[in-house]
Protein chains: 2
Amino acid sequence: MSRIKMSDVAKAAGVSAMTVSRALKHDGRIAPTTRTRILKIVADLGYVPDRIAGSFSSRRSGFVGVLVPSLNNPHFAETAAGLDEVLTRGGLQLLLGYTNYRAEVAERLIETMLERRPEAMIITFDDHTARARQLLLNAGIPVIEIWETPTKPIGHVVGFSNRSAAAAMVQHLIDSGRRRIGFIGERDDKGTRGAERRRGFIDALKAAGLDPSRRLATVAPPINMMFGRDAMTALLEKWPDTDAVMCVSDPCAYGALTACQLIGRRVPEDVAVAGFGDFEISRCSLPSISTVVVSGLEIGTRAGELTLQLLDGSCSDQMLILVDAYTEPRESSKIAG
Amino acid sequence: MSRIKMSDVAKAAGVSAMTVSRALKHDGRIAPTTRTRILKIVADLGYVPDRIAGSFSSRRSGFVGVLVPSLNNPHFAETAAGLDEVLTRGGLQLLLGYTNYRAEVAERLIETMLERRPEAMIITFDDHTARARQLLLNAGIPVIEIWETPTKPIGHVVGFSNRSAAAAMVQHLIDSGRRRIGFIGERDDKGTRGAERRRGFIDALKAAGLDPSRRLATVAPPINMMFGRDAMTALLEKWPDTDAVMCVSDPCAYGALTACQLIGRRVPEDVAVAGFGDFEISRCSLPSISTVVVSGLEIGTRAGELTLQLLDGSCSDQMLILVDAYTEPRESSKIAG
DNA sequence: TTGTAAGCGTTATCAA
DNA sequence: TTGATAACGCTTACAA
């Protein structure tokens, strides 16, 4: 059973392959009757067009390469979903890869993806190798970095300042009367979003004349709930009078919350807990956890829309699109008393 | 700046394109010195092979199509990660799509993916349309269904019985002394894994001579924490003497747990709570939530390995690979007393 | 509205 | 170990 090809359909319809191609493509320049007749034959024969041949011929792969640190993270899953929704409408398909938060994996993925001739590349801000940057620059396609506003962007940007957003949350903790504030982050976070959040923490404390040294960072990204619990336990052992903790992400914050509950520290009366990212758990936990709300979905849809504009030529400047990221106070940082 | 092609590299190296192709392919039949010389030129020129042309010529896309209901679910994220790891080793690339738990989306995705000529398709068990089945059967490539053991499989299977696994968990609740057991599931779950779990719930209660009618299913999949909370609240209103609840998934169970805590029902003393899937939250919550442990990663790696075997011809039978799914009792179903 | 011809960049195949 | 040639199945560009 050798595969049916376009010429087989053409033969059956008594037309040329080109006409079949037009019928399939919703190309205006075809008689409606011809089109319906061909589509019927396509269905009857079970013809499946070969996009490899099509892409090869048209030199348009129909792919957009997307790189995220992890799929197992609602943020990036939502970003991917947003991208997918918009790009599918534009007739483009996602080629999704995840780096596991490792620069060398990202480099390898970029290389592999570029062989598929994506029409654009969308990559999550992170610590990229020089070669990865070079590959992207040489590719001659739009590159969009997301989830941060890099100081030296590769191409376009759809993101926000993790540093400012984290600083704003820490300021909220200060405003709620906390003075001995700790931070739980990730080890080896050079060039990552987590490092930016840590910087924001330090910014805010320094600006308020407070001590920014209560920091713990024992595990490599991604930090999870149990690590958050362990880290909070350790932090409270090392600095027992800590009255608030800023966590690099919500799952980590939930872990920290449970650490307090196990030890018998009341949240928010004794210790305030704050997270980052508005994960489901921070809304549903008891108490609910104050967090920085940022919409992964919006980042995805905005980046997708920008991609479409860049590809259809309706946008030619280097773009910097800022998405909103704001502090949402919840029960875990209620003012004591 | 027109793209560098293989013939440019060949010219620079003073060899034929075919020799460059061999050098790039780690093909044995090339002189090592020639190979290193060519690879150097490839690097210097920044040549990126065009896999579209390569695939077209070799009639091997290097793709494996993978369909999951959602990316925003640690189960499927882990399955994708496991698949990716194994298939990458085999020189294959994932073409990932998510159905949003909708059969018509799955059908469209299958159609789109098949145009890319994947070498195999791996799809999560769910309610598929007849046309989707037909497309897969006609594709002439290995098809692997995962995450369930279908009664009439399309091709190969790597999964477990959601029904038996759920029944075993409910039996555990019965063994712990519970008699008035409820179930929180999803609405419109025809042909899904959630429906199988519901059947398992009914099986176990009927076998024990207990009433299986305390069931609530108000939202479409995927059910989340907040829906779990709402559903549990409603369930306890409708059947106040309920002494245990089986939830279709862990996030739902966590929501149910918080509903109990908000209402003032003690878990596990007054009500036992059980989930499904061993999500992080069920390990880290207070109390921890009894769950059915099943490894999404294992499903992914096993399916990946099977794919490689099917493609290299070292396996030709129709395969049914069962992965383990077992009840893990935790604090939320401790025997009262 | 439809058809013809050429060619997209690589690899299979066979020959040297 | 290397090279020449012929596909691969479609679309572009132009002609009719």
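Naming convention: chains lettered A, B, ... in sequence-line order (proteins, then strands); numbering from 1 in each chain. Bear in mind that the values here come from a model prediction, so they are computed numbers and not experimental data.
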Passes side chain to side chain donor-acceptor pair (under 3.5 Å), A:Asn72 versus A:Ser70? Steps please.
CA-CA 5 Å; A:Asn72 194 348; A:Ser70 155; 5.6 Å; no
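Here A:Arg59 lies in heavy-atom contact (under 4.0 Å) with sugar-phosphate atoms only. Among the protein residues, A:Ser55 comes within range of no part of the nucleic acid, since none of its heavy atoms lies under 4.0 Å from any strand.
Contact annotation: A:Ser21 side-chain N/O to D:dC10 OP1/OP2 distance is not under 4.0 Å. Distances shown here put a side-chain N or O of B:Ser16 below 4.0 Å from the OP1 or OP2 atom of D:dG3. For B:Lys25, a side-chain nitrogen or oxygen approaches OP1 or OP2 of C:dT11 to under 4.0 Å.
Side-chain to base pairing of A:Ser58 with D:dT11: no donor and acceptor N or O lie closer than 3.5 Å to each other. Judged by distance alone with a 3.5 Å cut-off, a donor-acceptor contact links the side chain of A:Arg22 to the base of C:dG3. With hydrogens and angles ignored, no donor-acceptor pair closer than 3.5 Å exists between the side chain of A:Ser7 and the base of D:dG9.
Ring to ring, A:Phe125 and A:Phe76 are not that close: their centroids are 6.0 angstrom or more apart.
Between A:Arg116 atom CZ and C:dC8 atom P there is a gap of 21 Å when expressed in whole angstrom units. With rounding to whole Å, A:Lys5 atom NZ is found 4 Å from D:dG9 atom P. Rounded to whole Å, the distance from CD on B:Glu115 to P on D:dG9 is 16 Å. Look at CZ on A:Arg29: it is 10 Å from P on C:dT1, rounded to the nearest Å. If you measure from atom CZ of B:Arg117 to atom C1' of D:dC10, you get 11 Å, rounded to the nearest angstrom. For the pair B:Arg37 CZ and D:dT1 C1', the interatomic distance rounds to 12 Å; values are reported in whole Å. Taking atom CE of residue B:Met18 and atom P of nucleotide C:dT11, one finds them 7 Å apart after rounding to whole Å. If you take CZ of B:Arg60 and P of D:dA7, they are 22 Å apart, rounded to a whole angstrom.
Each of C:dT1, C:dT10, D:dG9 was ranked by its minimum atom distance to the side chain of A:Thr34; first place goes to C:dT1. Distance from the side chain of A:Ala31 is smallest for C:dT1 among the nucleotides D:dT2, C:dT1, C:dT10. Of the candidates D:dT11, D:dC10, C:dT11, D:dC10 carries the atom nearest the A:Tyr47 side chain, counting heavy atoms from C-beta on.
Of the charged side-chain nitrogens involved, none lies within less than 4.0 Å of a carboxylate oxygen, so that A:Lys5 and A:Asp50 do not count as a salt-bridged pair. Ion pairing of A:Glu148 with A:Arg193 is absent here, as no side-chain N (NZ or NE/NH1/NH2) approaches a carboxylate O to less than 4.0 Å.
In this structure, A:Pro150 and A:Val157 have side chains that are in contact, with non-hydrogen atoms separated by less than 4.5 Å. B:Ile144 is listed as a side-chain neighbour of B:Leu306, based on a closest heavy-atom distance under 4.5 Å.
Between A:Val48 and B:Ile30, the one whose closest nucleotide on DNA chain D sits nearer the 5' end is B:Ile30. When each of B:Thr19 and A:Gly54 is assigned the nucleotide of DNA chain D bearing its nearest heavy atom, the one mapping closer to the 5' terminus is B:Thr19. Each of A:Val15 and B:Ile4 lies near DNA chain C, and the nucleotide nearest A:Val15 is the one positioned closer to the 5' end. Heavy-atom distances to DNA chain C give each of A:Thr33 and A:Phe56 a nearest nucleotide, and the one nearer the 5′ end belongs to A:Thr33.
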